[in-house]
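Note sheet for the following structure.
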Amino acid sequence: MKLVSFKRLHGSMVHLGVILDNDQLLDVTALAQSPDGKEIGTLPQSMEALIHGGATSMAAISSALKTPESARYRLLLNEITYEPPLKPQKNVFCIGRNYREHIIEGNIANGRPIDSFPEAIEVFTKPPTSVVAHGSNVMRHGSLTMSLDYEVELGVVIGKAGRGISEKDALDHVFGYTVINDITARDLQKRHGQWFKGKSLDTSCPMGPVITHKDAIENPNALKLGLSVNGEERQAASTEEMIFTVQSIIAQLSAGMTLEPGDIIATGTPKGVGFASKPPRCLNVGDVVTAYVEGVGELRNIVVE
C-alpha cells in the first residue's frame, strides 16, 4: 500500500490518501470525516495518526478500500498537490558513507586513503525545516554555496518505538519506506568541519512522494535506486550494496537511544554524486532532479534561485 499526504488543489488542509490504479487516490481524510466513514472503523485522518494507530488503523484503511462508498472519495492525482509524506517532529537521522563505491569516490575527491571505510554507522541529521515535498522547489542558495549536490537515499520510517533494538527485530519497528534526496552544500560541509550545516539548508531534504507500507517491500536491502538530472542518469545502484543494512542501522542507532513512531532515517547514497565527478557536476538553477527507489516511487524537484 502506497500512502500519501496531500492537499486538494486550492485547499489548505493536509489530507491522508492511498494511491490507487489509474492515477487515482482514495481521500482517506474526507472519507473519515463523512457519514460514510462512520461504519468502517477508526479511520486515521493524517499520516501521523496512521503511524501511531498501527495495525488497527491499517486494517481500517484496508476495509475502507473494499467498500462501495469509498468510490465517492476518489481523486485524480492531477487534482492534488503533494505534501511531504510525513512532517518530522524532530531531525531526520542520516547515515553517511554507507555504499562502498561512494566512499571510494569521496576518499579520492577529498584526498583520503582509498581504503578508509567506517567501522560503525556515521550519523548526522537534517532539521525539519529542510524537508520539502515531491514537486516542490529546491533553492540553489547561490549566495552561500558554489557546490550544491544531490544524493538519492532509501528513507525508513519508524512505526514502533524501541531502544536497544536487535537486528533480528529491527524490521518489526519499521512502518514503511520513502525516497529522500539528501541535497548537500559540499563547500559548507567542508568549511564547517562537520556535516550538519552543509546538509541542513532550507529545502535540502526533498522527500516522497509516498510512504510505501513495509508489507509491500519484501527486502529493503535489495531495492534498485538511482537519480537523474535533466533526464541524464547520475546514480544507479541497489541497496544490497549498503555496508550497513537497514536492520544494522536501526540496531546501531537505537543502542541507548529511543526511536519513536514517525522518526525518519536516510540510509546513505551510492556513487555518482556531483562533487566527485571529473569535472565536478553539481546542481544549477533550472535543473530537474529525479530520485527513485524501486517499489516506492519517483521524487522529482526543480532547482530555483
Side-chain angles (χ1 to χ4, degrees), residues 5 47-48 51-52 84-99 102-103 106 118-133 149-167 169-185 188-189 192 194-208 210-214 217 220-221 223 225 239 241-270 273 291 293 296 299:
S5 297
M47 191 73 74
E48 291 79 5
I51 292 171
H52 283 85
L86 182 64
K87 287 281 192 178
Q89 298 303 300
K90 56 188 182 186
N91 285 16
V92 177
F93 298 110
C94 302
I95 308 304
R97 304 203 320 142
N98 196 25
Y99 285 75
H102 173 58
I103 294 170
E119 297 182 1
I121 58 171
E122 297 180 345
V123 186
F124 61 95
T125 67
K126 298 172 83 81
T129 48
S130 68
V131 174
V132 292
D149 209 345
Y150 51 82
E151 295 187 2
V152 61
E153 312 206 5
L154 170 67
V156 178
V157 180
I158 297 297
K160 184 173 70 172
R163 183 179 68 230
I165 301 167
S166 68
E167 289 193 32
D169 297 330
L171 295 186
D172 293 337
H173 290 260
V174 172
F175 173 77
Y177 304 93
T178 191
V179 186
I180 291 175
N181 186 353
D182 176 15
I183 300 292
T184 305
L188 294 184
Q189 182 182 10
H192 288 275
Q194 42 68 41
W195 295 2
F196 181 74
K197 180 62 179 179
K199 296 280 192 175
S200 296
L201 301 180
D202 287 356
T203 73
S204 68
C205 191
M207 183 186 303
V210 303
I211 296 174
T212 297
H213 190 260
K214 66 178 181 180
I217 301 293
N221 303 301
L223 301 174
L225 74 168
T239 55
E241 299 171 33
M242 293 191 298
I243 295 174
F244 303 105
T245 64
V246 171
Q247 293 93 320
S248 176
I249 291 168
I250 291 173
Q252 291 189 52
L253 196 58
S254 70
M257 182 180 73
T258 300
L259 294 179
E260 299 176 301
D263 282 349
I264 301 165
I265 306 169
T267 56
T269 198
V273 295
V293 174
V296 182
L299 169 67

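We're numbering straight along the sequence, starting at 1. Predicted model, so just to flag it, every value in this text is computed and none were measured.
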Quick check: closest heavy atoms across [X] and [Y], and the distance to 0.1 Å?
X: Pro127; Y: Ser130; answer: O-OG, 2.6 Å
X: Leu225; Y: Pro270; answer: CD1-CD, 4.3 Å
X: Leu154; Y: Thr267; answer: O-OG1, 2.8 Å
X: Thr129; Y: Asp202; answer: O-OD1, 3.7 Å
X: Ala266; Y: Val92; answer: N-CG1, 4.5 Å

Side chains of Asn98 and Glu153 only: does a donor on one sit below 3.5 Å from an acceptor on the other? no

Around atom NZ of Lys90, are there more than 12 heavy atoms of other residues, nucleotides or ligands at under 6.0 Å? yes

Once you round to the nearest 0.5 Å, how far does [atom1] of [X] lie from [atom2] of [Y]?
X: Glu151; Y: Ile180; atom1: CD; atom2: CD1; answer: 11.5 Å
X: Met207; Y: Leu299; atom1: CE; atom2: CG; answer: 9.0 Å
X: Met242; Y: Ile121; atom1: CE; atom2: CD1; answer: 11.5 Å
X: Thr269; Y: Arg97; atom1: OG1; atom2: CZ; answer: 14.0 Å

Side chain proximity check, [X] to [Y], heavy atoms < 4.5 angstrom:
X: Tyr177; Y: Ile211; result: no
X: Lys214; Y: Leu171; result: no
X: Cys94; Y: Trp195; result: no
X: Met257; Y: Phe93; result: yes
X: Leu188; Y: Leu201; result: yes
X: Val131; Y: Ile264; result: no
X: Thr239; Y: Pro220; result: no
X: Val293; Y: Thr212; result: no

Distance-only, no hydrogens or angles: does the [X] side chain make a donor-acceptor pair with backbone N or O of [Y] under 3.5 Å?
X: Ser248; Y: Thr245; value: no
X: His173; Y: Gly159; value: no
X: Ser204; Y: Lys199; value: yes
X: Ser254; Y: Arg163; value: no
X: Asp263; Y: Glu260; value: yes
X: Gln252; Y: Ile250; value: no
X: Thr125; Y: Asn91; value: no

Contacts of His213 that satisfy ring-ring contact (aromatic ring centres under 6.0 Å, His included) - sequence neighbours left out: Phe175

Salt bridge or not between Asp182 and Lys126? Use side-chain N to carboxylate O under 4.0 Å. yes

Ile95 and Val123: CA distance, side-chain angles, deciding distance, side chain to side chain contact (heavy atoms under 4.5 Å, CB included) verdict: CA-CA 5 Å; Ile95 308 304; Val123 186; 4.1 Å; yes

